[in-house]
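Letters A, B, ... are given to chains in the order of the sequence lines, protein chains preceding strands, and every chain is numbered from 1.
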There are 2 protein chains.
Amino acid sequence: MSEPAKDPAGGPLVLVVEDDAQMRRFLRVTLRMHQYRVLEATSAQEALVCAAARRPDLVVLDLGLPDADGITVVERLRTWYSGPVVVVSARHQEPDKIKALDAGADDYLTKPFGTGELLARLRAALRTHNRTAANVDQGVFVTGTLRVDHDRHEVESRGQPVKLTPLEYRLLQALIRHADKVVTRTQLLREVWGEAHVDEAHYLRVYMSALRHKLEADPARPQMLLTEPNVGYRLRTQ
Amino acid sequence: MSEPAKDPAGGPLVLVVEDDAQMRRFLRVTLRMHQYRVLEATSAQEALVCAAARRPDLVVLDLGLPDADGITVVERLRTWYSGPVVVVSARHQEPDKIKALDAGADDYLTKPFGTGELLARLRAALRTHNRTAANVDQGVFVTGTLRVDHDRHEVESRGQPVKLTPLEYRLLQALIRHADKVVTRTQLLREVWGEAHVDEAHYLRVYMSALRHKLEADPARPQMLLTEPNVGYRLRTQ
DNA sequence: TGCGTGCCTGACGCTGCCTTGATGCCGGAT
DNA sequence: ATCCGGCATCAAGGCAGCGTCAGGCACGCA
């Protein structure tokens, strides 16, 4: 764990967990340049200690660490840490990436990635997490043209009331629960259909399709109900 | 039983009964954040003691406790406690959920659920409970277009007097007694037909149909006498 | 004894939902 | 250029739950 000298105060505190020096340097420079304060760890061990001690606002975690796999880190973190965790994975570690998301990570970046993408993801992760419970206070979830009233179990799209079947409603709820986060197929299936059907990926396609046709202006080009190829889905808010 | 230090005064006092630490933490944080004061118990034993000692305004009870099943807790609570009890159940314990409602729980949440749902249910439970006495005060129950005079045994719908058969009347009373609550089939059958006929679900269909035709503007699209699929019925007031 | 009212019971139909398979499209890989 | 896997869409089957209807029976009353 280290916090090299002069960090500009004010920006969000980010913990970067990355063993490769090159990559670490890139992340450090980029983040500093954009007013983040940066902590660094080069192993799982270090990462957990540092996170506990410094309570960062966000964790960027590279999978493929020397001492333990990243999944374990996510699990251990999640026992107490509720902030956003963004996972960085090399292209050939797809299964790990998914495991990490299942374990509670919020989003992922696949190497190689550019500065723009990195910053966008981090901003999104922080934004989501800071989002106040203003909507929740009313028992209503609102984003764009979508409006979900938990009290009355009613859904509205572009001002029009929409009838959802129980499963559709549950699926939508699950997505809202993880708004702006990547939700893996397994996770969605578990939450909506139960443990017994975690590999009926086809259900998801059918019901996502249904949701899109009921909620999206142009179901073929969804604005909210996004597909994350090879991983799952995501509800984009705003 | 525990009440960690500083609770803001003012909000309703909620007793959370939950053995899983993660879940307990989520509930605590969420509720605190929304001005509830929170008590916690991790076992049936503790729950009963705590409830008796502190008289919470509401109880959130997870089924599937280590020392006793949640149904027992509801039963024991109901021997003296009249406040709202909201049950939390995992998806695979549906039968238990119904048993808990039969035993006197007010509403239920199925894991996993989001903050919105949680808060909505609690608000509804508290709201209903504070108001239950009001309508019954004069021996007259009024909601929407429906008016029931318990003293005179008279029912009015949209200004017109309506003749109900004795059984219809008793069924309506049972629903009014639990206004806005989910009432299981078993419970209705018990209260109207008696213990011996708790599984004659067909009676309910016939008599609910009759009630709807006499009381609802459009019996095919009931506004007050609502079906809770796979569970029972509910009288919606307002 | 005849009539009316209310209750039970079975049959029926319907709707809405879930599941499943077939098909087509697109983009990436070979 | 072609193949292939993953995703979206469509349509059909089947099922369960619920609502509705009508006939029969019992009871009370005149």
Roughly, in whole Å, what's the span from [atom1] in [X] to [atom2] in [N]?
{"X": "Arg185(B)", "N": "dA16(D)", "atom1": "CZ", "atom2": "P", "answer": "15 Å"}
{"X": "Asn230(B)", "N": "dC17(C)", "atom1": "CG", "atom2": "C1'", "answer": "11 Å"}
{"X": "Arg221(B)", "N": "dC14(C)", "atom1": "CZ", "atom2": "P", "answer": "16 Å"}
{"X": "Tyr203(A)", "N": "dA8(D)", "atom1": "OH", "atom2": "P", "answer": "17 Å"}
{"X": "Met208(B)", "N": "dC18(D)", "atom1": "CE", "atom2": "P", "answer": "11 Å"}
{"X": "Lys214(A)", "N": "dC17(C)", "atom1": "NZ", "atom2": "C1'", "answer": "10 Å"}
{"X": "His202(B)", "N": "dC21(D)", "atom1": "NE2", "atom2": "P", "answer": "13 Å"}
{"X": "Glu168(A)", "N": "dG16(C)", "atom1": "CD", "atom2": "P", "answer": "13 Å"}

- [ ] Looking only at side-chain atoms of Tyr207(B), point me to the closest of dC8(C), dC18(D), dT9(D).
- [x]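 Closest nucleotide among those given: dC8(C).
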TODO: From the options dC7(D), dG19(D), dG6(C), select the nucleotide whose nearest atom is closest to the side chain of Arg205(B).
DONE: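 Out of dC7(D), dG19(D), dG6(C), the nucleotide with an atom closest to Arg205(B)'s side chain is dG19(D).
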TODO: Between protein and nucleotides 23-30 of chain D, map the contacts as a letter string: B base, S sugar-phosphate only, - none, heavy atoms under 4.0 Å, written 5' to 3'.
DONE: --------
Task: N/O donor-acceptor pair under 3.5 Å between Asp96(B) side chain and Ile71(B) backbone - done: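 Such a contact is absent between Asp96(B) side chain and Ile71(B) backbone.
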